[in-house]
Amino acid sequence: MIVQSIGKKLKTKLIGRQIYYYERLDSTQELAIGLAENNSEAVSGTAILAGRQERGKGRINSNWISPSGGIWLSIILIPNIPVDKGILLKFAAALAVCDAIEQKTGLESKVKWPNDILINHKKVCGILLDIATKGSRIEYAVIGIGINANVDVRTILPYIAGNDVSVTSLKNELAGKYVNRPSFLKLLFERFEHYYDYLEKEDLGGVVILNQIKDKLDILNAMVTVQQIDKTVEGLVMGLGLDGSLLLKKNDGSLIEVICGDTRARVTKQMHQLEQI
Ligand code: BTN
């Protein structure tokens, strides 16, 4: 039903042309990675959607609570971009989510670097990027997007670490009004393809995307502390580097680039480097 409703008028060439929908799934991300790893016919742009996830994955090995009503999806990509531009895929997805939120709900959203989408300073969406590399080539990428769409936030709060009240849903921000998910997804696919095309086809596509993300950053000119695996870094946010890193001015006046708050790497059975950024 959801797939037919999206498919009818979808204006993309790649993204969402093939959709697998499951009412219940452990994790769309794990399934998408499995398909990309084991199925040489996995088509770039294929989307895996779930009505709800039993073991949704968040960043840094966290759980992602994914009840019915949300938009939980992963997109398999075989991108023709260098590995060091891989992180830009995440920003392309973030811009697409912001566009879809704005056009479908009229709500203004912001980006919390590196990959959260906020409405009124509360997290409404998380983005996960897994990249498998071979040398300097991206073998495949899987972008996972979790949007608290028609989720009643009170139902997920008890499961969130420390009962983090800075979480919201589109429905909560719309005072109980439901979002039409097929129509939202259709637009999300179209906007993502727009930014993805930029990255793949335009030499300066990455710069355009970074500029747009910079405009949406909620932390520009703010003092931040970035938690890394072995240390924390503190500084004033000056902007973004060409690779998507955060440019911080430390208290001693020096400038540093923070690549990512939480990077982990693992080697898959096919000896790709699978990196989550
Ligand atoms: C974060 O920690 O902020 C990232 C959360 C990403 C959640 C999405 S939901 C769809 C996809 N499948 C998963 O298991 N995780 C991602």
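From a predicted model like this one, the values you see are computed outputs, not experimental measurements. Numbering of ligands and ligand atoms starts at 1, following listing order.
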Distance, nearest 0.5 Å, that separates OG of Ser27 from OH of Tyr22: 12.0 Å

Looking only at heavy atoms of Lys123, does any of them come nearer than 4.0 Å to an atom of ligand 1? yes

Under 3.5 Å, is there a donor-acceptor pair between the Tyr195 and Glu193 side chains? no

Side-chain contact, heavy-atom cut-off 4.5 Å: Asn148 with Val153? no

Numbering the atoms of ligand 1 from 1, which are under 4.0 Å from a heavy atom of Asp116? 3 (O)

Against heavy atoms of Gly56, which atoms of ligand 1 measure under 4.0 Å? 14 (O)

Counting only nitrogen or oxygen atoms and a 3.5 angstrom limit, does Ser27 reach ligand 1? yes

Could you tell me whether the side chain of Thr105 and the main chain of Ile101 form a donor-acceptor pair under 3.5 Å? yes

Who's closest to atom 2 (O) of ligand 1 heavy-atom-wise, of Arg59, Glu30, Lys112? Arg59

May I ask you to identify the nearest protein heavy atom to atom 5 (C) of ligand 1, giving residue, atom name and distance to one decimal place in Å? Trp64 CE3, 3.4 Å

Below 4.0 Å from any atom of ligand 1, is there a heavy atom belonging to Ser74? yes

I want to check something: taking the side chain as every heavy atom from C-beta on, are Phe189 and Leu185 in contact at a cut-off of under 4.5 Å? yes

In ligand 1, the atoms that come under 4.0 Å of a heavy atom of Gln29 are 11 (C), 12 (N), 13 (C), 14 (O)

Between Asp152 (side chain only) and Arg154 (backbone N and O only), is there a donor and an acceptor less than 3.5 Å apart? yes

Out of all atoms in ligand 1, which are within 4.0 Å of some heavy atom of Thr28? Include the element for each. 10 (C), 11 (C), 12 (N)

Closest to atom 8 (C) of ligand 1 among protein heavy atoms sits Gly146 N, 3.7 Å

Near Lys57 (heavy-atom distance under 4.0 Å), the atoms of ligand 1 are 5 (C), 6 (C), 7 (C), 13 (C), 14 (O), 15 (N), 16 (C)

Report yes if the side chains of Lys171 and Val151 come closer than 4.5 Å at any heavy-atom pair, otherwise no. no

Using the rule that two of Ile, Leu, Val, Met, Phe, Trp, Tyr join whenever any of their side-chain heavy atoms come within less than 4.5 Å, decide whether Val83 and Phe91 are in one cluster. yes

Considering only protein heavy atoms, which is closest to atom 9 (S) of ligand 1, and at what distance to one decimal place? Gln53 NE2, 3.4 Å

